[in-house]
Number of protein chains: 2
Amino acid sequence: MARRRTPAPVFAALGDEHRLRLLARLSSGPLSISRLTAGSGMSRQGVTKHLRVLEGAGLVRGTRKGKESLWYLERRRLEEARRSLDLISQQWDQALGKLKRFVEG
Amino acid sequence: MARRRTPAPVFAALGDEHRLRLLARLSSGPLSISRLTAGSGMSRQGVTKHLRVLEGAGLVRGTRKGKESLWYLERRRLEEARRSLDLISQQWDQALGKLKRFVEG
DNA sequence: CTAATAGGCAACCAGAAGGTTGCCTACATA
DNA sequence: TATGTAGGCAACCTTCTGGTTGCCTATTAG
C-alpha cells in the first residue's frame with residue numbers, strides 16, 4: 001500500500017510571497033528567467049533559487065530552449081495540495097460537529 | 001478598500017510535518033501541551049514552539065485552563081487558505097486553457 | 001569572429017527556524 | 001505544607017533560507 005506523500009513540502013513552497021508572485025506571473029504563460037527577474041526586485045540568481053524550490057515541490061518545471069530556460073506551471077501537485085486542504089478542512093468540520101454535539105448535549 | 005492579506009504565512013505554517021500532525025491530532029478535540037508532546041518524538045518546548053507558529057498563522061488558539069493550556073483549532077484561516085488555493089487553481093486552469101487554444105490555433 | 005545576452009555554479013553571508021536544556025512560576029493534591 | 005505536574009522564558013546551538021556577488025559557459029546576433 002503506497003503511503004501517501006505528505007503535502008508539507010508543497011505548502012512550504014507556497015509559503016513565500018516571492019514564490020506566490022512567480023506562480024501568479026507564470027499563470028499567464030511560460031516565461032524565461034530574465035523575464036521573471038524583471039520587476040521582481042531581486043537578482044537573477046535569487047529568482048533562480050526560488051524557481052528551484054518550486055521545482056523541488058513539483059509546482060513548476062523548467063526546460064532549456066536555446067539560450068533561455070522557460071518555466072511552466074505543473075498542475076498535478078497543486079491539485080494534490082488542494083485536495084489535502086479539502087481533506088483537512090473536512091476533518092475539522094467533523095471535529096467541530098462533535099464538539100458542538102457534545103456541548104449542546 | 002482593504003487589501004487582502006496574503007496567504008503565504010498560513011501556507012508556511014502548514015509546510016511542516018510536525019505541525020501538520022499537531023493539527024491532525026487537534027482535529028479530534030482540544031488537547032493540552034503535554035498530551036500533544038506525548039508520542040510526538042519531541043520535547044515539550046519543541047511542541048510549544050510549533051504551536052506558537054500555528055497560532056501566529058491563526059490556525060490554532062490556546063487558552064490557559066487551570067494548570068494546563070488547551071489548544072483549539074481555528075477554522076477561519078484554513079478556510080481562507082482553501083479559498084486561496086481554489087483561486088490559484090482556477091487561474092492555472094485559465095492559463096492552460098489559453099495555452100491550449102493557442103497551440104491548437 | 002566578436003560582442004551581447006541568458007543562464008549555471010560556487011562561495012559567501014546574515015538572519016530565521018527548529019530544536020535542546022536549565023531554571024523559574026503556578027496550580028493541584030497527598 | 002510539601003511535592004509533583006504543567007507550562008513559561010531565555011539562552012544556546014546547528015542547520016536551513018534567502019539573498020548577494022563573481023566568474024564561467026553557451027547561444028545568438030552583427
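Note that the coordinates shown come from a computational prediction; the quantities given were computed from them, not determined experimentally. Proteins come first, then strands; the chains are lettered A, B, ... in the order of their sequence lines, and each starts at number 1. Keep in mind that the numbers below use all heavy atoms, side chains included, and drop hydrogens, waters and symmetry copies.
Here the side chains of A:Thr63 and A:Trp71 are not in contact, with every heavy-atom distance at 4.5 Å or above.
When all heavy atoms of A:Gly58 and A:Arg77 are compared, the pair lying nearest together is O-CG, 3.4 Å. Heavy-atom minimum distance, A:Leu78 versus A:Leu59: N-CD2, 4.0 Å.
Among the protein residues, B:Ser43 comes within range of the nucleic acid bases, having at least one heavy atom under 4.0 Å from a base atom. Within the 4.0 angstrom heavy-atom criterion, only backbone atoms of the sugar-phosphate kind lie near B:Arg19; the bases stay farther away. Residue B:Glu68 is classed as a sugar-phosphate contact, given heavy-atom separations below 4.0 Å to backbone atoms only. Nucleic acid contact for B:Gly46: base, since at least one base atom lies under 4.0 Å from a heavy atom of the residue.
Position along DNA chain D of the nearest nucleotide to B:Ile33 versus A:Arg64 favours B:Ile33 as the more 5'-ward residue. Residue whose closest nucleotide on DNA chain C sits further toward the 5' end, between A:Lys67 and B:Gly41: A:Lys67.
Counting only distance, with no hydrogens or angles, the side chain of A:Arg19 and the backbone of A:Leu54 share no donor-acceptor pair below 3.5 Å.
B:Val53 and B:Leu31 are assigned to two separate hydrophobic clusters, defined by single-linkage of ILVMFWY side chains at heavy-atom distances under 4.5 Å.
A straight line from NZ of B:Lys65 to P of C:dC27 spans 14 Å, rounded to a whole angstrom. When the P atom of C:dG7 is taken as reference, atom NZ of A:Lys49 falls 18 Å away, rounded to whole Å. If you take CG of B:Leu51 and C1' of C:dG19, they are 14 Å apart, rounded to a whole angstrom.
The shortest distance between the side-chain N/O atoms of A:Thr48 and the OP1/OP2 oxygens of C:dG7 is not below 4.0 Å.
Between A:His50 and A:His18, the ring planes are tilted. Angles from 30° to 60° get that label.
Mapping heavy-atom proximity under 4.0 Å, the span of DNA chain D touched by chain A runs 5' to 3' from D:dG18 to D:dT28.
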